[in-house]
Amino acid sequence: MNTVFTVSIFIPLLVGITFIIFIIMAKLWRRFTNVKVTYWFLFIYIGILLLSSAIVPFINDNSLIEKERAQENLEVKDLLKKLSKTGIAQIDQMYLLKESSFGEYQNQTLNVETSGEDTMIRVFVERKTSDDNKVEAFSISTEVIDGYDISNDLTPYNVMLKDNTLTIISPKKQYINIKIAKPPFPVRQFTGESIVNQSSTKWSQVVYLQIPYDLELMVEDGIFLEFIK
Amino acid sequence: MSLTRTNLAKTIKKQYFFKLKANITSFTLLIGVQLLALLFSLGGVASSSFGSSSIRLNTQYYTADIVIIFTLIWAFVMAITITTKPHRDLDFTFVTNRLSSSFANILYLLTVSIVGSMMAILSDNLLRVIIYTFLDKQFYSSTMGLQEFIMGISITSFYVLMVCSIGYFVGTLVQISSLFTILLPALFFGSLFLRPSMDEKPIITNAFEYYLLESSLTLFIVKIVITTALFFTISTSILNRMEVRQ
């Protein structure tokens with residue numbers, strides 16, 4: 001029996017059983033309630049509902065880590081595409097997790113290595129037009145869940161430069177649990193929003209390097225370089 | 001012979017307000033049902049998991065879907081209840097006929113649908129406040145806009161009213177013959193297992209999907225209005241033919 005079929009039987013079956021329970025409840029309920037009690041219940045319950053509705057906009061704006069929908073509601077793949085086409089200048093600041101700058105780099109070559117949990121790291125490289133002898137590295141979050149940017153929950157890659165080796169240190173495996181509230185199904189039915197809409201790639205973070213225009217990069221296995229045109 | 005002159009509209013109005021007062025306790029049950037649904041909703045209605053070498057992401061989704069489903073079942077029970085003999089006998093405290101009684105019932109169910117739907121949609125906010133206050137402050141949520149809010153109440157009202165019309169029809173059939181008390185549940189549960197082939201969905205699931213998967217608002221309203229009108233018309237016609245105090 002496949003899952004879809006099990007669900008398609010299970011849900012109506014559950015509805016049927018709930019209906020029978022409610023029939024019994026409806027009969028018993030009358031014995032314990034009266035008009036006066038009902039008015040009080042209604043008054044209190046509607047009061048609580050209205051109060052919650054008044055509270056929700058405030059907690060959303062301040063403490064709930066307001067839905068930071070990506071600018072133009074970018075999907076992850078679109079963000080990477082945009083990064084690849086236009087470079088970091090056109091990317092919203094909220095995606096930048098960490099910035100490191102290493103000045104006075106005089107060598108002609110730079111080795112790029114990885115260290116830590118991540119065995120595969122995607123690195124975007126932008127060659128500067130002017131030679132300022134600086135190597136700049138940015139950790140960029142690409143984790144967008146259901147349109148929400150969860151950069152605040154991610155530990156960024158740490159980039160270190162020692163001698164002529166740039167090491168990208170990935171953090172320990174992170175376990176993130178998040179809760180997302182969705183509108184009820186009568187609204188979702190017409191807005192086209194699905195209940196589970198995870199937009200992720202295998203890259204939860206990428207590294208963006210800005211290097212002098214004539215610097216040659218030597219990378220180890222597991223680093224995927226992509227040069228900005 | 002009564003010397004009081006009355007007309008259909010006045011009688012319906014009187015009966016409608018009487019029914020609202022007489023059945024007000026049903027709202028206590030609605031509150032109980034919605035609170036129970038909120039309790040079930042605290043565990044989340046869906047979840048997803050995603051993992052790579054550096055990250056394990058578990059997402060739990062919260063909505064007021066269970067509250068709405070429970071409200072629908074409550075409305076179905078209420079619609080059946082008002083067709084039972086004790087409720088019908090109450091109508092005869094007025095100068096009345098079956099037609100005015102049915103119209104008053106439909107108006108009562110319409111009111112119940114709107115009130116129930118408003119409470120169900122508003123409970124979505126209560127759920128968010130409970131999760132934020134007691135469960136997790138790392139909670140991603142957006143406020144339902146006015147347009148979404150009105151849309152939510154209207155569409156839920158349509159659903160609840162349609163379910164009421166089906167409940168009213170079921171209640172009417174049971175009044176004709178108590179045999180339907182066994183036959184209808186048997187048909188419902190039996191239809192879950194009756195299907196043309198093993199790979200196909202049960203008929204009842206297809207019936208749900210006919211409304212739930214409709215993405216055009218106009219078509220949805222047309223489907224609901226036609227179904228609701230059909231069930232109410234058939235029920236009213238059946239009740240109209242019944243003997244007084246049968």
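Predicted model, so just to flag it, every value in this text is computed and none were measured. Letters A, B, ... are given to chains in the order of the sequence lines, protein chains preceding strands, and every chain is numbered from 1.
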Close side-chain approach of [X] and [Y], heavy atoms under 4.5 Å:
X      : Y      : value
B:L35  : A:Y45  : yes
A:L42  : B:I24  : yes
B:N125 : A:L49  : no
B:R56  : A:K173 : yes
A:I178 : B:N58  : no
A:T191 : B:E148 : yes
A:K179 : B:I131 : yes

To check you understand the geometry: which heavy-atom pair defines the closest contact between B:G152 and A:V187, and what is its length?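 Heavy atoms of B:G152 and A:V187 come nearest at CA-CG2, 3.6 Å.
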
Check each atom of [X] against the heavy atoms of chain A and say whether the ones under 4.5 Å are side chain, backbone, both or neither.
X      : result
B:I121 : side chain
B:S216 : backbone
B:E214 : both

Between [options], which residue shows the highest count of heavy-atom pairs closer than 4.5 Å to chain A?
options                      : answer
B:V67, B:L217, B:D124        : B:L217
B:W74, B:F158, B:F220        : B:F220
B:I80, B:T63, B:L127, B:L213 : B:T63

Is it true that B:T25 and A:T38 share a donor-acceptor pair across their side chains at a distance under 3.5 Å?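 There is no such pair (donor and acceptor under 3.5 Å, judged by atom type) between the side chains of A:T38 and B:T25.
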
Classify the side-chain pair A:Q189/B:Y211 by whether it contains a donor and acceptor separated by less than 3.5 Å.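 B:Y211 and A:Q189 do not have a side-chain donor-acceptor pair below 3.5 Å.
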
Looking at A:K182 and B:D65, does any basic side-chain N land under 4.0 Å from a carboxylate oxygen?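 Not counted as a salt bridge, because no side-chain N and carboxylate O are separated by less than 4.0 Å.
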
Compute the centroid of each ring, for B:F27 and then for A:Y39, and state whether the two points are separated by less than 6.0 Å.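 No, they do not, as the ring centres are separated by 6.0 Å or more.
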
Which region of A:S53, side chain (C-beta onward) or backbone (N, CA, C, O), has a non-hydrogen atom less than 4.5 Å from a non-hydrogen atom of chain B, or is it both or neither?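 Both parts, heavy atoms under 4.5 Å.
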
Is A:F185 close to chain B through its backbone or its side chain, or both, or neither, when contacts mean heavy atoms under 4.5 Å?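 Both parts, heavy atoms under 4.5 Å.
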
